[in-house]
Number of protein chains: 2
Amino acid sequence: MLQVRSARLHVMLWRRANEPFSGSWALPGGPLLADERLGTSVARQLASKVEVRQLAHLEQLETRSDPDRDPRGRTVATAYLGLVPSHLDPVLPDDTAWQPVDALPETAFDHGSIVTSALERLRAKLSYTNVGFALAPPTFSVAELREIYVAALGYEVTATNLQRVLLRRGVLEATGETAASGRAGGRPAALYRFVTSSLEVTDPFAVLRPPSSRAR
Amino acid sequence: MLQVRSARLHVMLWRRANEPFSGSWALPGGPLLADERLGTSVARQLASKVEVRQLAHLEQLETRSDPDRDPRGRTVATAYLGLVPSHLDPVLPDDTAWQPVDALPETAFDHGSIVTSALERLRAKLSYTNVGFALAPPTFSVAELREIYVAALGYEVTATNLQRVLLRRGVLEATGETAASGRAGGRPAALYRFVTSSLEVTDPFAVLRPPSSRAR
DNA sequence: CCAAAAGTGTTGGGAATACACCCATGC
DNA sequence: GCATGGGTGTATTCCCAACACTTTTGG
């Protein structure tokens with residue numbers, strides 16, 4: 001589960017009290033029940049940590065099967081990527097906390113590398129889909145959205161170009177409302193929202209695209 | 001396992017002799033052994049059908065967990081995408097055959113939708129990576145490569161543009177040799193090869209790319 | 001009037017498609 | 001020489017990044 005908090009991307013981890021990896025931080029998870037599908041299982045595992053309704057997006061990442069990934073014995077685990085919009089602040093259990101992805105504490109099992117995979121996936125999808133909807137609040141100024149993208153991508157993005165790319169693609173639309181300007185003055189920002197709040201690919205083929213509009 | 005054969009993309013399937021889905025066609029697969037990782041298991045399953053060395057590329061696709069996917073009872077299956085270069089023609093068991101992906105016979109379980117996922121993945125990666133290496137023979141003319149891309153993508157691509165895109169990205173290089181011209185004459189084609197024969201992303205960010213070369 | 005913040009106009013570059021044209025070979 | 005297939009040159013289009021400039025607010 002990833003969320004942008006205070007302009008930094010964080011991952012939700014819980015601190016293990018028992019061996020193995022006692023004291024290390026782990027991703028939430030647990031065994032699959034007899035008649036459960038993986039997506040349902042993930043939701044169930046997370047429900048013990050937060051309110052699941054706060055998850056704006058969930059997608060399967062990859063399945064890890066290294067026989068040595070758990071020292072207690074063979075386990076096969078399927079990792080999921082979950083995103084929480086930045087305006088929410090779920091109540092967390094005592095052993096659970098948001099950790100900045102750019103300065104992770106010591107992690108248990110192969111969870112560190114799973115977080116790395118999740119990051120790669122998120123960063124790629126920010127570029128060619130509308131996933132931003134799952135990190136952003138319902139409405140926002142371009143400046144706020146920029147902060148979220150910068151936190152998630154890990155590099156600078158200008159508000160100007162971000163706005164133009166997302167508007168041209170029809171990913172964002174203006175709400176017609178404006179935010180109040182800050183105490184230091186400045187023009188009030190227009191508020192925007194994501195047109196769709198489910199995953200859509202907005203930039204399908206970079207190259208080798210089908211010949212212009214002619215059906216085959 | 002996918003391969004381009006006679007300018008058409010095919011998938012290797014075997015015909016089930018027993019219930020359930022007797023007579024339908026299925027993807028090769030089987031249970032994971034106690035101390036085996038998934039990639040190894042896939043290789044082992046395929047080894048019973050073909051020579052595994054002929055697999056030029058193998059990558060994990062997704063894990064299916066619908067409790068009803070197998071009428072005999074709950075199974076969880078991780079699908080892989082495997083690619084075989086077009087110049088190879090593996091000897092197949094009697095119950096196994098290459099089936100064209102655009103006219104699949106009746107398939108067992110959820111294997112039809114797995115093939116669809118595999119196709120989407122392959123088509124996307126042809127556009128932003130060098131995966132082509134795993135479908136093409138060691139050397140080839142641009143015309144031959146075009147035929148492979150057209151078969152895999154399912155739409156027309158011109159030799160001119162294919163050549164330019166792949167050369168500019170440094171994915172292809174000329175071998176310096178030329179093919180003999182056909183019986184009808186014509187200029188002999190230059191032969192090319194893929195520079196690398198392992199997966200590389202050649203077109204990372206379509207948009208929202210990091211600010212020009214400045215490190216953060 | 002000035003500082004601050006938001007938003008628009010404009011330019012320049014790069015990359016991809018499309019199409020015209022030139023090249024090399026067999027018959 | 002002509003048909004056939006291969007390859008290059010070039011124009012057009014589109015999209016993105018960069019940056020200058022304008023707009024709108026608070027003090």
Side-chain angles (χ1 to χ4, degrees), chain A residues 7 126-128 139-150 153 155-192 202-214 216, chain B residues 7 126-129 139-150 153 155-192 201-214 216:
Chain A
L126 280 173
S127 169
Y128 69 91
T139 68
F140 44 82
S141 67
V142 173
E144 289 163 355
L145 188 64
R146 185 191 87 94
E147 193 172 77
I148 291 171
Y149 271 72
V150 169
L153 291 171
Y155 53 76
E156 288 303 312
V157 172
T158 64
T160 302
N161 293 327
L162 181 64
Q163 181 188 34
R164 274 206 268 249
V165 167
L166 297 181
L167 280 178
R168 176 160 30 77
R169 290 185 179 173
V171 171
L172 293 189
E173 65 187 2
T175 64
E177 298 180 0
T178 57
S181 52
R183 57 208 163 290
R187 176 173 171 174
L191 293 181
Y192 294 84
T202 56
D203 195 24
F205 305 90
V207 291
L208 300 179
R209 50 177 170 277
S212 37
S213 72
R214 277 178 293 128
R216 73 180 301 233
Chain B
L126 280 173
S127 170
Y128 69 91
T129 72
T139 67
F140 45 82
S141 67
V142 173
E144 289 162 355
L145 188 64
R146 185 190 87 94
E147 193 172 79
I148 291 171
Y149 271 72
V150 169
L153 290 171
Y155 53 75
E156 288 302 313
V157 172
T158 64
T160 302
N161 293 328
L162 182 65
Q163 182 189 33
R164 274 209 266 252
V165 167
L166 297 181
L167 280 178
R168 179 158 32 74
R169 292 186 177 171
V171 171
L172 293 189
E173 64 186 4
T175 63
E177 298 181 359
T178 57
S181 51
R183 58 207 164 289
R187 176 172 169 177
L191 293 182
Y192 295 84
V201 174
T202 55
D203 195 25
F205 306 90
V207 289
L208 300 180
R209 50 177 171 277
S212 36
S213 72
R214 278 178 292 129
R216 71 181 302 230

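Letters A, B, ... are given to chains in the order of the sequence lines, protein chains preceding strands, and every chain is numbered from 1. Note that the structure is a prediction, hence the values are computed from the model and not measured.
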Could you state the [atom1]-[atom2] distance from [X] to [N], rounded to the nearest angstrom?
X        : N      : atom1 : atom2 : value
B:Leu145 : D:dG6  : CG    : P     : 13 Å
A:Leu162 : C:dT8  : CG    : C1'   : 16 Å
A:Tyr149 : D:dA17 : OH    : P     : 13 Å
B:Leu167 : D:dG6  : CG    : P     : 16 Å
B:Glu156 : C:dC19 : CD    : P     : 14 Å
B:Arg169 : C:dG14 : CZ    : P     : 16 Å
A:Glu177 : C:dG7  : CD    : P     : 14 Å
A:Asn161 : C:dT11 : CG    : C1'   : 13 Å

### Residue met sooner reading DNA chain C from 5', once B:Arg187 and B:Asp203 are mapped to nucleotides
B:Asp203
#### Entry: Side-chain donor/acceptor contact of B:Arg146 with base of D:dG6 under 3.5 Å
no
### Query
Looking only at N and O atoms, is any donor in the side chain of A:Arg209 or the base of D:dT13 less than 3.5 Å from an acceptor on the other one?
no
Heavy-atom pair of closest approach, residues [X] and [Y]:
X        : Y        : value
B:Tyr192 : B:Leu167 : CE2-CD2, 4.1 Å
B:Val157 : B:Arg146 : O-NH1, 2.9 Å
B:Glu144 : B:Thr139 : OE1-O, 4.4 Å

What nucleotide, of [options], holds the atom closest to the side chain of [X]?
X        : options               : result
B:Arg164 : D:dG7, D:dC19, C:dC19 : C:dC19
B:Tyr192 : C:dG9, D:dG9, D:dG7   : D:dG7
B:Thr160 : C:dA6, D:dG9, C:dT17  : D:dG9

#### Entry: Residue whose closest nucleotide on DNA chain D lies nearer the 5' end, B:Leu208 versus B:Ala190
B:Ala190
### Task
Could you check A:Pro188 against B:Val142 and say which one's nearest nucleotide on DNA chain D is further toward the 5' end?
B:Val142
### Query
Ignoring hydrogens and geometry, is there a side-chain-to-backbone donor-acceptor pair from A:Tyr155 to B:Leu208 under 3.5 Å?
yes
### Message
Tell me if a side-chain donor or acceptor on A:Thr202 pairs with a main-chain N or O of A:Tyr128 at a distance below 3.5 Å.
### Response
yes
### Query
Is the shortest side-chain N/O distance from B:Gln163 to OP1 or OP2 of D:dG6 below 4.0 Å?
no
